[in-house]
Amino acid sequence: MATISLCMIVKNEEAVLDRCLSSIADLMDEIIIVDTGSTDGTKEIAARYTDRLYDFKWNNDFSSARNFSFSKATMDYIYTADADEVLDYANHRRFTFLKQSLQPEVDIVQMKYITPDEFNTVMNIRDEYRPKLYKRLRQFRWVDPIHETVQIQPLVFDSDIEILHMPDKQHSSRDFALFLHAFKNGQEISDKLHTMYARELYISGSDQDFQKAEPIFMRTLIEHDEKTSRCQEAACILCRCMRIKNDISGFFKYALRAMTYYPCSEICCELAAYFKQINDFEESILWYSCAAHETTCVLDVHTSGDLPLLGLSECYARLSEAADLDLKAKDDCISASASYRAAAEAWEMPHE
């Protein structure tokens, strides 16, 4: 049977830590908890489950803290968990079976990560596979009977275990602060991190968050080819920034640039929102229709799903209030509004 080290990094998680540990502690052969500066009862709760409790001075880098926690592990595999995760009864049993049957050739085990819609600020699916269990020491092997080579790609197993992500609060403000810190300190922002920042900002950012992010995405357009995915993401963010500032010239500059190189549902929704704001509902309907039926999303799946459908419903409802419409036209608008609202309510975020 495989042995497992649980490695966690925590800070001020007293509201959820006990719930997490009580659902997985008996599956673990050692529990390592790294605290990055808690000022509540987090460490006292952790001490009920383990004496492998370490302090780590926070340096605005989750990777550093993760690497430190991994360095303390001694078992065959390392399981990573956040304090707001829960393993329910059915998935506890699945994990037990996995532990009993896990083959040593497996380097990484992926598990389904399920986040409620209201906390899904980065991904555009209801559930996704994430690597959760890692072999601590990897042995390299030669493969192929001729022209032999060392197997470099890890052997990944997709399990049927589902991890419930049940946070007690949003973490967007913390994430935005870390993105800004990295930018201001001249750290290279990878393509992955750029996408994650743009997605989280677009889905859950406030007007102030967008304004703070504007220099980062302005630099993207300066330093990268306009046809790259980075510039597509930047155009979406800057389009929203300009609309927030009521900079109409800037708004159409980035919207038109985006529609030239990479039309997407986010830009269609931005244009629709602008025309709705100035009470040009017929033009708004055109762009919401493009978002719903003619383009795909790059940052937020809602912009090609329920969001434009709700926008269409509202625009038709507003058109039905026009004094110069005849009775049939009013009835058609009311019917269209109800139909689009029903479609929006029936829409579901896709699964992986």
Side-chain angles (χ1 to χ4, degrees), residues 5-25 28 30-75 78-86 113 115 119-123 130-134 136 163 165-201 203-206 208-213 215-216:
S5 303
L6 170 63
C7 289
M8 298 179 67
I9 57 174
V10 296
K11 181 180 179 180
N12 293 338
E13 300 286 5
E14 67 176 4
V16 292
L17 182 58
D18 185 69
R19 182 185 66 183
C20 171
L21 289 172
S22 65
S23 74
I24 57 175
M28 304 298 143
E30 69 177 357
I31 296 176
I32 296 158
I33 298 181
V34 173
D35 188 272
T36 61
S38 293
T39 56
D40 62 1
T42 294
K43 293 173 74 172
E44 287 74 13
I45 294 170
R48 299 177 199 162
Y49 292 88
T50 183
D51 59 359
R52 303 286 305 279
L53 183 58
Y54 301 90
D55 289 311
F56 182 86
K57 186 177 181 180
W58 179 240
N59 61 356
N60 294 303
D61 187 340
F62 279 104
S63 291
S64 293
R66 293 282 187 202
N67 287 332
F68 178 77
S69 71
F70 272 37
S71 73
K72 302 298 181 182
T74 63
M75 299 298 156
I78 298 173
Y79 179 67
T80 60
D82 291 328
D84 54 12
E85 297 175 9
V86 179
Y113 203 72
T115 304
F119 292 103
N120 201 330
T121 61
V122 178
M123 296 302 172
R130 289 190 182 182
K132 296 293 291 180
L133 191 64
Y134 305 84
R136 186 175 65 87
I163 307 298
H165 181 215
M166 300 174 64
D168 63 326
K169 57 184 178 295
Q170 288 277 16
H171 297 295
S172 296
S173 58
R174 176 203 66 189
D175 294 346
F176 295 149
L178 291 175
F179 285 126
L180 290 170
H181 180 272
F183 174 73
K184 290 177 181 177
N185 283 275
Q187 292 178 245
E188 177 65 27
I189 297 178
S190 66
D191 288 343
K192 185 197 89 169
L193 200 58
H194 190 277
T195 299
M196 299 289 271
Y197 186 18
R199 282 182 179 174
E200 190 163 10
L201 189 64
I203 294 170
S204 62
S206 66
Q208 187 177 25
D209 293 325
F210 272 89
Q211 291 171 334
K212 289 179 179 178
I216 297 177

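Legend: residues meeting side-chain contact (heavy atoms from CB on, under 4.5 Å) with Lys57, ordered by chain and number and at least two apart, are absent. In this structure Asp51 satisfies the side-chain hydrogen bond (donor to acceptor under 3.5 Å, both in side chains) test with no other residue, sequence neighbours excluded. Looking at residues two or more places apart in sequence or on another chain, you find a side-chain hydrogen bond (donor to acceptor under 3.5 Å, both in side chains) between Tyr49 and Asp18. Residues passing the side-chain contact (heavy atoms from CB on, under 4.5 Å) test with Ala198 are Phe217, Glu233, Ile237, Leu299, sequence neighbours excluded. When the salt bridge (charged side-chain N to carboxylate O under 4.0 Å, His left out) test is applied to Lys132, the partners found at least two apart in sequence or on another chain are Glu85. Residues passing the salt bridge (charged side-chain N to carboxylate O under 4.0 Å, His left out) test with Asp61: none are found, sequence neighbours excluded. Every residue two or more places apart in sequence or in another chain that forms a side-chain hydrogen bond (donor to acceptor under 3.5 Å, both in side chains) with Ser206 is listed here: Asp209. Judged as a side-chain contact (heavy atoms from CB on, under 4.5 Å), and not counting sequence neighbours, Glu44 has no contacts. Every salt bridge (charged side-chain N to carboxylate O under 4.0 Å, His left out) that Lys43 has, sequence neighbours left out, goes to Asp55. Residues satisfying the salt bridge (charged side-chain N to carboxylate O under 4.0 Å, His left out) test with Arg66, not counting sequence neighbours, are Asp82. In this view, Thr42 and Val10, Glu13, Glu14, Leu17, Asp35, Ser38, Asp40 satisfy the side-chain contact (heavy atoms from CB on, under 4.5 Å) rule, not counting sequence neighbours. With sequence neighbours excluded, the residues that form a side-chain hydrogen bond (donor to acceptor under 3.5 Å, both in side chains) with Ser5 are Glu30.
One finds the CD1 atom of Ile24 at 8.0 Å from the CD1 atom of Ile163 (value rounded to the nearest 0.5 Å). Rounding to the nearest 0.5 Å gives a distance of 7.0 Å between CZ of Phe62 and OG1 of Thr36. Rounding to the nearest 0.5 Å places CG of Asp175 at 9.5 Å from CG of Leu193. Put simply, CD1 on Ile32 and CG on Leu53 are 11.0 Å apart, with the number rounded to the nearest 0.5 Å.
At least one donor-acceptor pair closer than 3.5 Å links the side chain of Arg136 to the backbone N or O of Met75. Between the Asn12 side chain and the Thr39 main chain, a donor and an acceptor come within less than 3.5 Å of each other.
Both cation-pi conditions hold for Lys72 and Tyr54: the charged atom is under 6.0 angstrom from the six-membered ring centre and inside a 45 degree cone around its axis.
Looking at heavy atoms from C-beta onward, Thr50 lies out of side-chain contact with Leu6 at the 4.5 angstrom threshold. The side-chain heavy atoms of Ile216 and Leu180, taken from C-beta on, include a pair separated by under 4.5 Å. Side-chain atoms of Leu21 and Met8, non-hydrogen and from C-beta on, do get closer than 4.5 Å to each other. For the pair Phe56 and Ser69, the minimum side-chain heavy-atom distance is 4.5 Å or more. By the 4.5 Å heavy-atom criterion applied to side chains, Arg52 and Ile31 are not counted as neighbours.
Nearest heavy atom pair, residue Thr80 against residue Pro131, reads OG1-O, 4.4 Å. Between Cys20 and Ala83, the closest heavy-atom pair is CB-O, 3.2 Å. Minimum heavy-atom separation, Ala65 to Ile9: O-CG2, 3.6 Å. The two residues Gly205 and Phe210 make their nearest non-hydrogen contact at O-CE1, 3.8 Å.
Here the rule is side-chain contact (heavy atoms from CB on, under 4.5 Å) with Phe179, and of Lys212, Lys184, Arg174, Glu200 only Glu200 fits it.
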